Novice: 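Quick one: the structure is below, questions incoming.
Start at 1 and go down the list; that is how both ligands and their atoms are numbered. Bear in mind that the values here come from a model prediction, so they are computed numbers and not experimental data.
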Amino acid sequence: MTRRNVILRIENVSKRFESLRAVDDVSLAVPEGHIVGLIGPNGSGKSTLLNVTSGVLRADAGRIIFDGQDIVHRSADEIFQLGLARSFQDPSLFFRMTVLDNILLPIKEQDGEDPIRAPLHRTWEKQEARFATVAAGALQRLDLDTHFDSLASDLSGGQMKLLELGRSLTSAPKMLLLDEPTAGIAPNLARNIFEQIEHLRRTRGLTFLIVEHRLGLLFDFVDQVYVMHLGRLIAHGPPADIAANAKVREIYFGE
Ligand SMILES: Nc1ncnc2c1ncn2[C@@H]1O[C@H](COP(=O)(O)OP(=O)(O)OP(=O)(O)O)[C@@H](O)[C@H]1O
Ligand SMILES: [Mg+2]
């Protein structure tokens, strides 16, 4: 097996909510270009770990190295600018804006567009055309191009999840943290989302850390899996080993 660079390394990270140890001394490593799964029963600390990694919450202890830099004390915005993007368990779309505007907004933010000066700028038209090209490409890849002028609130659950994935991609990230990318959507669309993820890994070399409750689906796409239970990591390995792991079977199936 070829050795890959580790793009994300979480070392001994802890996060408490008062007396609750939501994340308790967790360490994990994600190699560049891999799709890594993070599973565990409800309340085991998966979202909290993603929140700490993306700077939404501050870790109480530990180090997080992303692409060679310690990001544990960086803001969510700084971490995003370094190329680590994330999606949320509940879609964080602008529901009263169109699909196209939802895609355009992060592109414009990335470009540092100043809304007051932009209209005066000589390159404004050129810039708008470039934004539109990037947005159209993103919508086409996600099969959302025919819905470009629909309100985000009119999309199906699966389309909202695809749009959220599209939004995080327009920032040209190196890595994505996805929190339940298929939650609440039909099984065939869920597979479609994972196929998009696999395609992005293959064509752009993107790295993924994915929280997912549909284990059968997840295990078809991931290189390795980490398992959390009550804030701690209890297992790590290739999906076949995790599926056969006695501790994992006990917490999932009471075996
Ligand atoms: N902001 C918060 N304040 C207090 N407690 C919290 C907060 N966020 C999460 N928790 C608690 O921390 C623990 C871990 O929650 P977390 O959301 O990380 O779990 P999860 O593994 O993502 O669960 P699920 O699979 O249900 O999404 C839970 O007991 C939860 O109630
Ligand atoms: Mg969660």
Novice: Which of the atoms of ligand 1 are close to L20, meaning less than 4.0 Å from one of its heavy atoms?
Specialist: 11 (C), 12 (O), 13 (C), 29 (O)

Novice: Which of the numbered atoms in ligand 1 are under 4.0 angstrom from any heavy atom belonging to H213?
Specialist: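 So the answer, numbered in order with elements, is 25 (O).
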
Novice: Using 4.0 Å as the upper bound for N to carboxylate O, is an ion pair formed by K174 and D67?
Specialist: yes

Novice: Geometry only, no angles: is G45 polar-contacting ligand 1 at N/O separations under 3.5 Å?
Specialist: yes

Novice: To which of L49, N51, V211, T48 does the heavy atom nearest atom 16 (P) of ligand 1 belong?
Specialist: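 The residue whose heavy atom sits nearest atom 16 (P) of ligand 1 is T48.
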
Novice: Is ligand 1 less than 4.0 angstrom away from at least one heavy atom of S44?
Specialist: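 It does; at least one heavy atom falls under 4.0 Å.
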
Novice: Using a 3.5 Å distance criterion without hydrogens, assess whether the side chain of Y252 forms a donor-acceptor pair with backbone atoms of G40.
Specialist: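 Yes, Y252 side chain to G40 backbone: donor-acceptor pair under 3.5 Å.
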
Novice: Partners of D143 by side-chain contact (heavy atoms from CB on, under 4.5 Å), sequence neighbours excluded?
Specialist: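 Once residues adjacent in sequence are excluded, D143 has no partner under the side-chain contact (heavy atoms from CB on, under 4.5 Å) criterion.
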
Novice: Any donor-acceptor pair under 3.5 Å linking the side-chain atoms of S14 with those of D25?
Specialist: no

Novice: Give the atoms of ligand 1, by number and element, whose distance to some non-hydrogen atom of E180 is under 4.0 Å.
Specialist: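 Counting atoms of ligand 1 from 1, those under 4.0 Å from E180 are 25 (O), 27 (O).
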
Novice: Which pair of non-hydrogen atoms, one from V225 and one from P239, has the smallest distance, and what is that distance?
Specialist: CG2-CA, 4.1 Å

Novice: Is E18 in contact with ligand 1, taking contact as a heavy-atom separation below 4.0 Å?
Specialist: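 Flag not set, E18 not near ligand 1.
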
Novice: Any atom of ligand 1 sitting under 4.0 Å from a heavy atom of M228?
Specialist: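 Contact absent.
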
Novice: Under 2.8 Å from the Mg ion (ligand 2), is there any N, O or S atom belonging to S47?
Specialist: yes

Novice: Taking only heavy atoms of N42 into account, list the atoms of ligand 1 that are under 4.0 Å away from them.
Specialist: 23 (O), 24 (P), 25 (O), 26 (O)

Novice: Under a 4.5 Å cut-off applied to non-hydrogen side-chain atoms, are F208 and L200 in contact?
Specialist: yes

Novice: Using heavy-atom distances, let me know which of R21, R16, K46 sits nearest atom 20 (P) of ligand 1.
Specialist: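 It is K46 whose heavy atom sits nearest to atom 20 (P) of ligand 1.
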
Novice: Could you pull out every donor-acceptor pair under 3.5 Å between side chains of residues 189-196 and any protein atom, sequence neighbours left out?
Specialist:
{"residue": "R191", "atom": "NH2", "partner": "D220", "partner atom": "OD2", "Å": "2.8"}
{"residue": "Q196", "atom": "NE2", "partner": "R141", "partner atom": "O", "Å": "3.0"}

Novice: Over all heavy atoms of both residues, which pair between S27 and Y226 is shortest? Give the atoms and the distance, please.
Specialist: O-CE2, 4.2 Å

Novice: Flag G43 as yes when one of its N or O atoms lies below 3.5 Å from any N or O atom of ligand 1, and as no otherwise.
Specialist: yes

